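These numbers come from a predicted model, not from an experiment. These numbers come from the heavy atoms of this one structure, side chains and all, not from hydrogens, waters or symmetry mates. In this chain, numbering begins with 1 at the start of the sequence shown. Counting starts at 1 for both ligands and their atoms, in listed order.
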Amino acid sequence: MSDCLFCRIVGGDLPSDKLFEDDLLFAFRDVQPMAPVHILIVPKEHIATLNDTTLDDQPLLGHMLMTARDLAADEGVGESGYRLALNCNQEGGQTVYHLHLHLLAGRQLTHLR
Ligand code: AMP
């Protein structure tokens, strides 16, 4: 998927502010942060949207959540609080069609916008 932005970031073809990487996941700071902490957690495998996941992806999805929790702790916002958001398709606000979880924190998050 050489035309996929996040595949290119995961592959190192495009730069990123990387925070975490393992066999399955890659996490980096969002280039247009909507909060003081704004991290994207993405699977290394190209999966376009949440709708494209299968039962086989259940461990991967759980791993994304627990990695987000650990990154929140690393960023010092585990106790103050954080939001995880996963946008799916156009009306869900998805703009990059490679599955990703947003980790937002560092300010009072009240409304979903
Ligand atoms: P979404 O709207 O849920 O698809 O989120 C895509 C996110 O990717 C947005 O918050 C963008 O700011 C972010 N983004 C786009 N290009 C880059 C990039 N090169 N590095 C880091 N984040 C990016």
Side-chain angles (χ1 to χ4, degrees):
M1 295 299 294
S2 59
D3 57 340
C4 169
L5 179 66
F6 288 174
C7 282
R8 294 181 69 196
I9 287 176
V10 167
D13 295 335
L14 288 177
S16 69
D17 189 353
K18 181 175 92 171
L19 296 171
F20 173 82
E21 179 177 11
D22 68 7
D23 289 349
L24 296 173
L25 301 180
F26 196 94
F28 52 100
R29 293 194 193 280
D30 196 293
V31 77
Q32 287 186 295
M34 294 179 63
V37 175
H38 189 169
I39 297 168
L40 301 173
I41 298 112
V42 316
K44 287 187 166 177
E45 176 190 359
H46 182 84
I47 302 171
T49 80
L50 186 61
N51 290 347
D52 298 301
T53 58
T54 68
L55 263 186
D56 288 345
D57 296 315
Q58 268 193 145
L60 174 71
L61 293 167
H63 187 42
M64 288 173 73
L65 285 174
M66 298 189 81
T67 298
R69 176 202 64 184
D70 292 346
L71 285 168
D74 291 348
E75 294 287 309
V77 297
E79 295 307 316
S80 52
Y82 55 93
R83 174 177 292 161
L84 302 179
L86 197 163
N87 300 330
C88 184
N89 281 338
Q90 186 183 350
E91 290 193 9
Q94 185 170 8
T95 60
V96 177
Y97 282 77
H98 180 128
L99 183 67
H100 53 281
L101 193 59
H102 295 258
L103 165 60
L104 296 152
R107 67 172 171 86
Q108 182 61 52
L109 297 165
T110 307
H111 303 290
L112 283 171
R113 49 174 124 210

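Atom CG of residue Leu24 and atom CG of residue Leu60 lie 6.0 Å apart, to the nearest 0.5 angstrom. Between the NE2 atom in His46 and the CG atom in Asp52 there is a gap of 8.0 Å [rounded to 0.5 Å]. In this structure, OG1 in Thr49 is found 7.5 Å from CG in Leu99, a value given to the nearest 0.5 Å.
Remark: side-chain polar atoms of His98 are not paired, donor with acceptor, to backbone N or O of Lys44 under 3.5 angstrom. At distances below 3.5 Å, at least one donor-acceptor pair connects side-chain atoms of Arg107 with backbone N or O atoms of Met34.
Using bins of under 30°, 30° to 60° and over 60° for the plane-to-plane angle, the ring pair His102/His38 lands in the tilted bin.
One option in Ile39, Asp17, Asp30, Val31 has a heavy atom closer to atom 20 (N) of ligand 1 than any other, and that option is Val31.
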Tell me, with the steps shown, if Val42 and Phe28 meet side-chain contact (heavy atoms from CB on, under 4.5 Å).
CA-CA 9 Å; Val42 316; Phe28 52 100; 3.9 Å; yes
Test log, rule side-chain contact (heavy atoms from CB on, under 4.5 Å), inputs Asp30 and Gln32
CA-CA 5 Å; Asp30 196 293; Gln32 287 186 295; 3.9 Å; yes
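Near Ile9, the atoms of ligand 1 lying under 4.0 angstrom from a non-hydrogen atom of the residue are 18 (C), 19 (N), 20 (N). Against a heavy-atom cut-off of under 4.0 Å, Arg29 is close to the following atoms of ligand 1: 21 (C). Interface atoms of ligand 1 facing Thr95, defined by a heavy-atom separation under 4.0 Å, are 1 (P), 2 (O), 4 (O), 5 (O), 6 (C). Near Leu40, meaning under 4.0 Å from one of its heavy atoms, ligand 1 places the atoms 8 (O), 13 (C), 22 (N). Counting the atoms of ligand 1 from 1 in the order shown, those under 4.0 Å from a heavy atom of His100 are 1 (P), 3 (O), 4 (O), 5 (O), 6 (C). Near Gln94, the atoms of ligand 1 lying under 4.0 angstrom from a non-hydrogen atom of the residue are 4 (O).
The closest approach between a heavy atom of Ser16 and any atom of ligand 1 is not below 4.0 Å. Using 4.0 Å as the threshold, Phe6 has a heavy atom nearer than that to some atom of ligand 1.
Proximity of Asn87 to ligand 1, defined as any heavy-atom pair under 4.0 Å, is confined to the side chain (atoms from C-beta onward). With a heavy-atom cut-off of 4.0 Å, Leu14 does not touch ligand 1 at all.
Any N or O atom pair closer than 3.5 Å counts here, and His102 shares at least one such pair with ligand 1.
For the pair Phe20 and Asp74, the minimum side-chain heavy-atom distance is 4.5 Å or more.
Atom 16 (N) of ligand 1 has its closest protein heavy atom at Leu5 CD2, 3.3 Å.
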